[in-house]
Each structure stands twice: as structure tokens, then as C-alpha cells.
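Below you'll find the structure, written out as C-alpha cells, and then a few comments.
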Amino acid sequence: MGSGRRTDPPDESAPRADGSGHGVPEGQAPEEYGDHRGRGDHDDHGHDHRSRWPLVAAAGAAGLYGGVAITIFGTETGLAPPLLGVALAVVGTVVLLAGVAGWVEQAFLAPARDAQGNPSSRASYVSTTLLFLGTDVSTFGALFVYYFFVRIGTWPPAELPPLLGSLVVVNTAILIASSITFHYAHEALEDGNRGRFLGLLGTTLALGLVFLAGQVYEYYEFVAAEGFTLSSGVFGSAFFGLTGLHGLHVALGVGGIAVLCWRAVRGHYGPERDTSVATVSLYWHFVDVVWLFLVVVLYVGASM
């Protein structure tokens, strides 16, 4: 018998932070394991995970959309004070941003700080993201229906500006490239190639920022050089409504990717710790598909 202390092997049957008998490395977020281990979306007391922040964000978005609509309606008809719409849009924007910030904090940042936090199901996060994207299809669909209704009338409208140009082509290529880099970043993570994952994820973030800058420049050209604005007839409201809504989604996606980069640099992800990466990538690919449809229908279709 030696005089030193004997170190017993770790008890593999003891419950761990990921809720399935598998240890979570120090500093890792347990929600990233999820259904890789087959665990349901319940905490240690058997309660479902719930969040009020998606509802807050939805209420803010409703206020933003409603405020813009009232502003346009009041400006064109005089039946409602435009300032009321502006105020509602501002309040809605603040509430929307607060809801998104709370959602990101609860779903992404808090688990990263608490390595012993409650387990969450990867499948639950992914399915919830898909449900959210399904509702987003309805939101975009409503604006596309409005645009198609506009196309039934006299075409082209007098306020139609030159839409097709090199900027649209370049911006489209940038967004497609960002979707490709995100896809291969996720693959690199699953292969355990941390350096490649960080590089491609950072490239995706940079491409998203460049796309936003390109859209801002396009708006500047339309407004300053062409005099084409949101109030330039029915086509103007359809164009800026659709492209503005898409730009808002891209901005939110860029924010999500920035959070991923922040966590990735701190080593929060691995081959079996990719829940956040999977959900944000689904959102980003959705945004890219919507843009392609928007270019075909709005930019190319309107010019034909």
C-alpha cells in the first residue's frame, strides 16, 4: 500500500451538466449538447423551458410594422396623423430590439456563462427555429401578395426606377457566398477543425456586414439620385417594404453571427456542441433564399 492518496476514477453514473451522463468540459455551455445525447427539453425540476422574449420581440415587430403603415396611410390620405405612426414605429423598434436582446441573452449568452446550467434539447431549439421561420414566411408572403396585387394594375408604374444594376448582382453574390462560408464553417466545426471554423465564421460575418453596407448605399442612390422613396406610390411602398424587411432580418442575422463569433473565440463550440451554430445557420440560409426570391420577383420581374 502506498502512502499517497489514491485517486478514484470518476463516477460515470453521476448526473452531469448535460443531463445525460456525459461530462461538460469546463467553460462549455451545456445547451450545446442537447439531443446529441437524447435528452428532452426539461430542467432538473421537470419544468419546460419557456421564454417571454419571443413574444416581446413579436409585439415590437407588430408596433414597427403598424407604425410604418400608419405613417404612409396618414401621409397619403390625411386621415391619420403621420407623427402617430412615427411614434408607434419608434416604440416598436425599441421593444423589438429589447426582445431580441433578451432572447439572445437567455438562449445564447447565459448558458455560456453557466457551465452547470439546465440542459436543453438541441432538437427543441432547431424545431423552434423552424417554427419561427415558418411564421416569417407568412410575413414575407403578405408583402409579396401586396406586390403581386400591384402588378395586376397598369404596369410599369410611372415611379419605377432603374432597378437592375451591378450593385444588385454584387450584393446577391456576397449573400450567396456568405451562406456557403457558413455551411462550411459548420462542417469544419463538426470535423473538429477549430481554425477553419473560426476563419469561415468570421468571413461570414464580414460578408453580412458588406451586404448591409451595399443595401444602405442602394437606398441612398434611390433616394438622393432618383427621388424614389417609400412614399413613391404603390410600387415604392412594396419595394421598400420588402427590401427593408429583408434588410432587418439580415441585420438580426449579422447580430446572431457576431454572438457566435464571440463564443467561438472563447471555445464554447465543438463537434457535439453546435446547437447555437445550427439554429443561426438555419436562419441565415432562410434569409439568403428569401433574397434570391426577392431579386427574381422584385428586381428582375419588375423590370420585365
Residues at least two apart in sequence or cross-chain that pass side-chain contact (heavy atoms from CB on, under 4.5 Å) with Val216, listed by chain then number, are none
Is there a side-chain contact between Phe222 and Leu163 in this structure, where contact means two heavy atoms from C-beta onward sitting under 4.5 Å apart? yes
Show, in sequence, the C-alpha distance, side-chain angles and deciding distance for Tyr184 and Ile180, and conclude whether the side-chain contact (heavy atoms from CB on, under 4.5 Å) test is met. CA-CA 6 Å; Tyr184 284 106; Ile180 294 173; 3.7 Å; yes
Check: Between His249 and Phe140, does the ring centre distance come in under 6.0 Å?
Finding: yes
All heavy atoms of Ala264 vs all of Phe197, minimum pair found to be CB-CE2, 3.5 Å
Same cluster (ILVMFWY, side-chain, under 4.5 Å), Leu84 and Val95:
no
OG1 of Thr71 to CG of Leu83, rounded to nearest 0.5 Å, is 8.0 Å
Without swapping roles, check the side chain of Asp274 against the backbone of Val277 for a donor-acceptor pair under 3.5 Å.
no
Apart from Val90 itself, members of its ILVMFWY cluster (side-chain separation under 4.5 Å) are Val86
Those residues at least two apart in sequence (or on a different chain) that pass side-chain contact (heavy atoms from CB on, under 4.5 Å) with Leu97 are Thr93
Applying side-chain contact (heavy atoms from CB on, under 4.5 Å) to Leu96 and not counting sequence neighbours gives Ala57, Ala61, Leu64, Val100, Leu248
* Does the pair Leu143 and Tyr147 meet the rule for a side-chain contact (heavy atoms from CB on, under 4.5 Å), with working shown? -> CA-CA 6 Å; Leu143 285 175; Tyr147 169 71; over 6 Å; no
In this structure, NE2 of His186 is separated from CG of Asp191 (nearest 0.5 Å) by 10.5 Å
Going only through I, L, V, M, F, W and Y residues with side-chain contacts under 4.5 Å, is there a path from Leu164 to Val295? yes
Looking only at heavy atoms, the pair that brings His268 and Arg273 closest together is O-NE, 4.0 Å
For Val94, the other hydrophobic cluster members (4.5 Å side-chain criterion, sorted by chain and number) are none
Between Arg194 and Gly267 the two heavy atoms that sit nearest each other are NH1-CA, 3.7 Å
Review point. Got Phe286 and Val137 here, is their nearest side-chain heavy-atom distance under 4.5 Å?
Key: yes
Residue pairs meeting side chain to side chain donor-acceptor pair (under 3.5 Å), one or both in residues 221-230, sequence neighbours left out, come to Tyr217-Glu221, Thr229-Ser231, Thr229-Ser232
For residues 201-209, which side-chain donor-acceptor pairs fall under 3.5 Å, sequence neighbours excluded?
residue	atom	partner	partner atom	Å
Thr203	OG1	Gly199	O	2.8
Thr204	OG1	Thr181	OG1	2.7
Thr204	OG1	Phe182	N	3.3
Thr204	OG1	Leu200	O	2.9

Shared hydrophobic cluster for Val289 and Val169 (ILVMFWY, side-chain gaps under 4.5 Å) | no
In short, Val254 meets Leu212 closest at the heavy-atom pair CG2-CD1, 4.0 Å
Those residues at least two apart in sequence (or on a different chain) that pass side-chain contact (heavy atoms from CB on, under 4.5 Å) with Asp288 are Leu175, Ser178, Ser179, Trp284
For Val287 and His246, the nearest pair of non-hydrogen atoms, with its separation, is O-NE2, 2.9 Å
Next on the checklist: For a 4.5 angstrom cut-off between non-hydrogen side-chain atoms, does Leu260 reach Tyr269?
Outcome noted: yes
So side chain to side chain donor-acceptor pair (under 3.5 Å) across residues 289-300, not counting sequence neighbours, yields Thr172-Trp291, Glu218-Tyr299
So, for Phe239 and Phe228, is the gap between ring centers shorter than 6.0 Å?
yes
Within a radius of less than 6.0 Å around OH of Tyr146, do more than 12 heavy atoms belonging to other residues, nucleotides or ligands occur? yes
- Side-chain heavy atoms under 4.5 angstrom apart, residues restricted to Ile, Leu, Val, Met, Phe, Trp, Tyr: same cluster for Val170 and Val210? yes
Under a side-chain separation threshold of 4.5 Å, the hydrophobic residues clustered together with Ile70 are Leu88
Sorted by chain and residue number, the ring pair (Phe, Tyr, Trp, His ring centres under 6.0 Å) partners of Phe144 (sequence neighbours excluded) come out as Phe293
Side chains of His183 and Ser281: does their closest heavy-atom pair fall under 4.5 Å? no
Hits for ring pair (Phe, Tyr, Trp, His ring centres under 6.0 Å) against Tyr219, two or more places apart or cross-chain, chain-then-number order -> Phe240
Between Pro271 and Glu190 the two heavy atoms that sit nearest each other are CB-O, 3.6 Å
Open item on the list: Do Val280 and Val259 make a side-chain contact, defined as non-hydrogen atoms from C-beta onward lying under 4.5 Å apart?
Closed with: no
### Message
Do Leu292 and Leu242 sit in one hydrophobic cluster, given that two such residues count as connected whenever their side-chain heavy atoms are within less than 4.5 Å of each other, even indirectly?
### Response
no
>> Between Tyr65 and Leu245, is there a side-chain heavy-atom distance shorter than 4.5 Å?
In response: yes
